[in-house]
Amino acid sequence: MAFLNNMLSKIATNDGHGENSPYFDGWKAYDSDPFHSTDNPQGVIQMGLAENLLSFDLVQEWILKNPKASICTSEGVNEFKDTAIFQDYHGLPEFRNAIAKFMAKVRGNTVTFDPDRVVMSGGATGAHETMMFCLADPGDAFLVPTPYYPGFDRDLRWRTGVKLLPVVCESSNDFKITREALEAAYQKALESNIKVKGLLITNPSNPLGTILDRDTLQSLVDFINEKNIHLVCDEIYAATVFTKPMYVSIAEIIEEDKKCNRDLIHLVYSLSKDMGFPGFRIGIIYSYNDSVVSTARKMSSFGLVSTQTQQLIASMLSDEKFIDKYVAESRKRLAARHGVFTRGLMQVRVGNLQANAGLFFWMDLRRLLKEPTVEAEMDLWRVIINEVKLNVSPGSSFHCSEPGWFRVCYANMDNETMRIALRRIKKFVLQVDEREVAAKKQTWHKDLKLSLSFRRWDDTIMQTPRMVTPHMMSPHMIVSPHSPLASPLVRARN
Amino acid sequence: MQQMLSRKASFNFHGEDSPYFLGWKEYEKNSYHEVHNPSGIIQMGLAENQLSIDLLESWLAKNASVTHFKEDRGGSSLPLSSSLFRELALFQDYHGLPAFKKELAELMEEIRGSKVRFDPNKLVLTAGATAANETLMFCLAEPGEAFLIPTPYYPGFDRDVKWRTEVELVSIHCSSLNHFRLTKHALEEAYQRAQKQKLKVKGVLITNPSNPLGTTMSKDELNHLLDFVISKKIHIVSDEIYSGTVFDSPSFISITQALLNHKKVHAGNDISKRIHIVYSLSKDLGLPGFRVGMIYSENEAIISAATKMSSFGLVSSQTQFLLSNILSEKNFRKLYMKENQKRLKKRHEMMVSGLENAGISCLKSNAGLFCWVDMRHLLRSNTFEAEMELWEKIIFEVKLNISPGSSCHCTEPGWFRICFANMSTETLNVALQRIKTFAVGICEDRINYQQALCSSKKSSFNKWLLHPLSLWRNHQDHESKYR
C-alpha cells in the first residue's frame, strides 16, 4: 500500500479533507448508535448536524399541491425532455430569477439582486472552493474570524492550496470581530510573508448564531478596502434570523457605501439551511465583480445544479405567497425551539451566547471543565457523547480560542426528541453539580475540623472553591453556587 | 483587477476561446428553427443524444406515482416523519443513494455484456463526467505532472483535466494513415517527449469509445496500452462515457475486460489498482442536465479520496431517486439500450450516406453520437489556417456548427467532428443538403478555375490540373478505405 500511496497525489493522501477532526468523530459515534424513539431510545441524539427540519410539513404540502413542478409527474412530464437536455452553465433563467428574488425577500427586500450575477455551484461547499480558485493562488491566505465552521478547513484549503489564518474573537466581548483582531491577524501574515487575499465571514455566524451589526459590517468593508483585499460573505443562514435585531446583509452595506470597491465583494449562499434542502445541492455564488462572475460560471461546470432540481426550486420560490408564509413560519418555529432550549438550560445554570439566528446555539460549559484546556474540553466532550449520548460539537473543532464552548444543534429533531435531549443535558449538569457540591461539603467539613478560625459561611464558600475544587468552579462565580442564577451569562444580556 | 484575482481566473486556461466553443456562441446568436428561423445555424457541434428520450418520457408517464415525492399508499398523504420528500431533501451522504449505485453498477455490467462485475461500493458519484475527470486528476497527479492522451481528443479535457489541477496533457499522436489507432510507437514517443520537457508522466487518459472518432479500441490497442502502463508503472483513466452508444461491430471491450484477458500474461502486478473508469448518464441516456457522473476504481485509496472530494459536486438526491427508479426495471434498461443503439445506427447510416452523396467520407465508426469527417479535399491548402477558413465558411455561409479537428488537437488539418443525434431527422436532412450544396459547389469552382487557367496558360495548366484532380482521385480512394 505504501507503494500505491506514492502513486497518488499528496492531496489524495493527506489529511486535508479534515475528516479526522473531532467534529466528525461525534458523527461517527452517532452513526454507530443512532437514537430512535422506539427502536433505540438509549442511542446517541444527533445535535452536531445543523439541519433545518422544523418546517418540512409546509414544503410537503406545497409539493403535493404543485405536481407540475416535478418533471416526474403526469402533469410535469412534458417538461422532462427540455429539462434533461439543458446543460447550459448559466442555469435555467427562471431558476436564476427565482433565486435572486428569494435572496432579496429574505433580506426584507431592502436590496435587489441581479439574476445575471447568480452563479450555480455544488452546494455552498462547491461555492467556497470555487471562490478560492478564483481569488487566490496556492500559498495565499484568507483571514477567518474564529470560531468558524470546521468544513472551511476542507472547502477552502484542501485542493486549492490556500491557507486560512484565524482572526481571534473572544467571549469577553461576545466574540465580536474587532478591528484590532483583524489588524493583528493581517500583520502576523505579513510578518510570515504570507499574502492575504481576503477575509471570509459567515453572517449569521456558524457556530455562534449571532448576526453582525451595521457598525461591524461597515468596519469590515473599510478594512478590506484599505487593504485592497476581497470580502467573501457566507450568508447561508440569512433566513434563520428569528428575532431582533434585524438582519443586515453585506449587500445592504455596499448599497449605502458608495466608496466601497464593489469588485471586492462576493456572497456565498445556499438553500441547504434556509429551506432545509441539503440533499439537492443548491449552492450560489453572487459576485459584484464581473470577472469573478464570468470565471466562477465557467468553473460551475464542475458542480452544476441538476436541472430537475432547478426546475422544482424555480417553481417553488416563485410562489411568493407560499414563500412568505414559509419564511415567517420557519422563523417562528426556530424562535420557539431556541427559547425552549435556552430556558431549559438556564434552569441548570448553563448559559449560551445570546443569539438570534442559526439552527444551533453556542453553549457555555466552561464551568464544567476540570481545567480551562482543550484536553479538558475533549474529556468533557467524550463524556457527553458516550455517557450522556448527545453528539454536540466541541468548540476546539471550530478553532475557538477558549475551551469549554460547544455548538448544539436543535432544529434537526422533532419535539419529543428535543425534550429527551434537554432532559439528558439537564440531568448530566445536575449530576455534575451535585457531585461537586458533595465533594465541596466533604472538604468543608474536613477543613472545619482542621481550622476553627473560619467564621463566615459565605467567606468559606467564596474561598474554598479555589482551594478545594478549583477545577469545578468557574472563576466567574461571584454569588453562592446554590443560586440558580449564579452565572452572569444566564442573566439577561443586551 | 486582473492581479486581484488568481492566476487561474486571469488567464484563459478554461479553454473557452477555442473554436469548439466559438461555434456554439455563433449558433446561440442565430439558432436554426424549422419554422421560425429556417436559415439559422444548425447545431452539429453538440454531442447530445436526443434520439430515445421519448422512451424515458413514456416510462415516467406510466410510473408517475412512484417517482413523485408522495408514496402512493392508498392515496393518503403521509405524516411528516415518513415523508419521502423530506428524506431526499436531507440526504447529503456523499456515499450516494445505495439503490441508485446498485442500478448503475448493473447498468455498467450490462453494457459490457456482463463480462465484468462492478461493485457499487467502488463507485463514486460526481456532478457529471466533467467533475469525475477533474477529481481523478486531483487524486492521481501533482500540479505540473502530466497525463498522456491520444489525439484527437474531446476539447473539454483541456479545462476538465488541466485548469484547476494544473496537470499537463501531452498528446499521443495518432494518424489517419492507420485510422487514428493507438500504436506502441506513438505511446513511447509521447512518453519520451514528456521526459524531454521534464514532465513526470502519471498516466494515460483514453476515451473509449473515442470522442471525436466514434470508434472502439481494438484488443491490440488495449493490450499495447496495458503493456505500456505496466512497464512504466502509471495509471489509466478510461473515460467510457459512450460505452452504451456502440451500435455496430466490433463490440465494445472495456479496459477491465482487456485487463482480465491480459492478466494471464502479467500476473502478480498491481495494475488493477491503477485502472480507473469514468462514466456518466449524459450520453447513453441523454440526460446531461441531471449531472450524473461517476468514477469506478478497485483502488480503495482513490475511492476514499474521491468520495470525500465529491462533496464539491454531489448528485442531487432528487435526481438520484428519480433515476434509481427508472433504472430499477431491468427489462426497461435492456429495452432502452437496444432501441437506443438501433436508432443511433440508423442515424449514423443516414449521416454517412448523406455525406457520401456530397463526395465526403468519414472514418469508419461503430459508436458515439458523431462522425469524424474527412474534408481534407475541401481545404485550400494542407494547413490549419485553411482548416479555420473552411470552418468559418461552414459556420457563416453553410450555417452549420461543426467542430474543427484542430480544436480536438488533431495533428492533421481537414478533419471535422459532426454530430448527428441531437436533432430531428428533418433537420439532419436539411443539414446534409446544405453540406452537399457547399461541397459540390467548391469542387465545381475548382474545376471552373482550372478551365479558366487552361485557356490562358498551357504550362501552368498542367500543374494546376494535377493538384485538385489528384485530390479528387485521392478522395475516391479514401472513400473506400474509411467507410
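- Here the side chains of Phe312(B) and Thr126(B) are not in contact, with every heavy-atom distance at 4.5 Å or above.
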Requested in this report: Go through the steps for Gln318(B) and Phe85(B) under the test side chain to side chain contact (heavy atoms under 4.5 Å, CB included), then give the verdict.
Outcome: CA-CA 8 Å; Gln318(B) 184 192 8; Phe85(B) 174 81; over 6 Å; no
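- When the candidates Ile11(A), Asn78(A), Asn52(A) are compared by the number of heavy-atom contacts under 4.5 Å with chain B, Ile11(A) comes out ahead.
- Only the side chain of Glu19(A) comes within contact range of chain B, judged by heavy atoms closer than 4.5 Å.
- With a 4.5 angstrom heavy-atom cutoff, Glu48(B) touches chain A only via side-chain atoms.
- Aromatic ring centres of Tyr89(A) and Phe95(A): separated by at least 6.0 Å.
- Shown here is Lys227(A), whose NZ atom has more than 12 heavy atoms of other residues, nucleotides or ligands within 6.0 Å.
- In this structure, no portion of Leu92(A) lies under 4.5 Å from any heavy atom of chain B.
- Counting heavy-atom pairs closer than 4.5 Å to chain A, the top-ranked of the candidates Ala132(B), Pro143(B), Pro288(B), Gly293(B) is Pro288(B).
- Most heavy-atom pairs under 4.5 Å with chain B: of the set Glu129(A), Met132(A), Gln310(A), this distinction falls to Glu129(A).
- Contact count against chain B (heavy-atom pairs under 4.5 Å) is highest for Phe133(A) among Phe133(A), Trp158(A), Phe86(A).
- Of the two parts of Asn412(A), neither the backbone nor the side chain holds a non-hydrogen atom closer than 4.5 Å to a non-hydrogen atom of chain B.
- Both the backbone and the side chain of Asp160(B) come within less than 4.5 Å of a heavy atom in chain A.
- Ranked by non-hydrogen atom pairs under 4.5 Å with chain B, the options Asp137(A), Asp140(A), Thr125(A) are led by Asp137(A).
- Between Lys202(B) and Glu145(B) there is a salt bridge, since a side-chain N of the basic residue sits under 4.0 Å from a carboxylate O of the acidic one.
- Heavy atoms of Phe91(B) lying under 4.5 Å from chain A belong exclusively to its backbone.
- Looking at Glu166(B), the atoms closer than 4.5 Å to chain A (heavy atoms on both sides) all sit in the side chain, from C-beta outward.
- Closest approach of Phe142(A) to Ala136(A), counting heavy atoms only: CE1-CB, 4.4 Å.
- Counting heavy-atom pairs closer than 4.5 Å to chain B, the top residue among Lys298(A), Arg281(A), Glu61(A), His128(A) is Lys298(A).
- Contact tally against chain A (heavy-atom pairs below 4.5 Å) for Gly313(B), Ala127(B), Ser316(B): the top residue is Ser316(B).
- Between His276(B) and His235(B), the ring planes lie tilted relative to each other; the angle falls in the 30° to 60° range.
- The closest side-chain heavy-atom distance from Leu5(B) to Val292(A) is below 4.5 Å.
- Between chain A and the options Glu142(B), Gln50(B), Gln92(B), heavy-atom pairs under 4.5 Å are most frequent for Glu142(B).
- Both the backbone and the side chain of Asn228(A) come within contact range of chain B, with heavy atoms under 4.5 Å apart.
- The shortest side-chain heavy-atom distance between Tyr336(B) and Leu285(B) falls under the 4.5 Å cut-off.
- No other option in Arg159(A), His17(A), Glu75(A), Arg154(A) has as many heavy-atom pairs under 4.5 Å with chain B as Arg159(A).
- Looking at Met299(A), both its backbone and its side chain come within 4.5 Å of chain B, counting heavy atoms on both sides.
- Relative orientation of the Phe277(A) and Phe56(A) rings is tilted, given thresholds of 30° and 60° on the angle between their planes.
- The shortest heavy-atom contact between Val196(A) and Ile229(A) is O-CG2, 3.4 Å.
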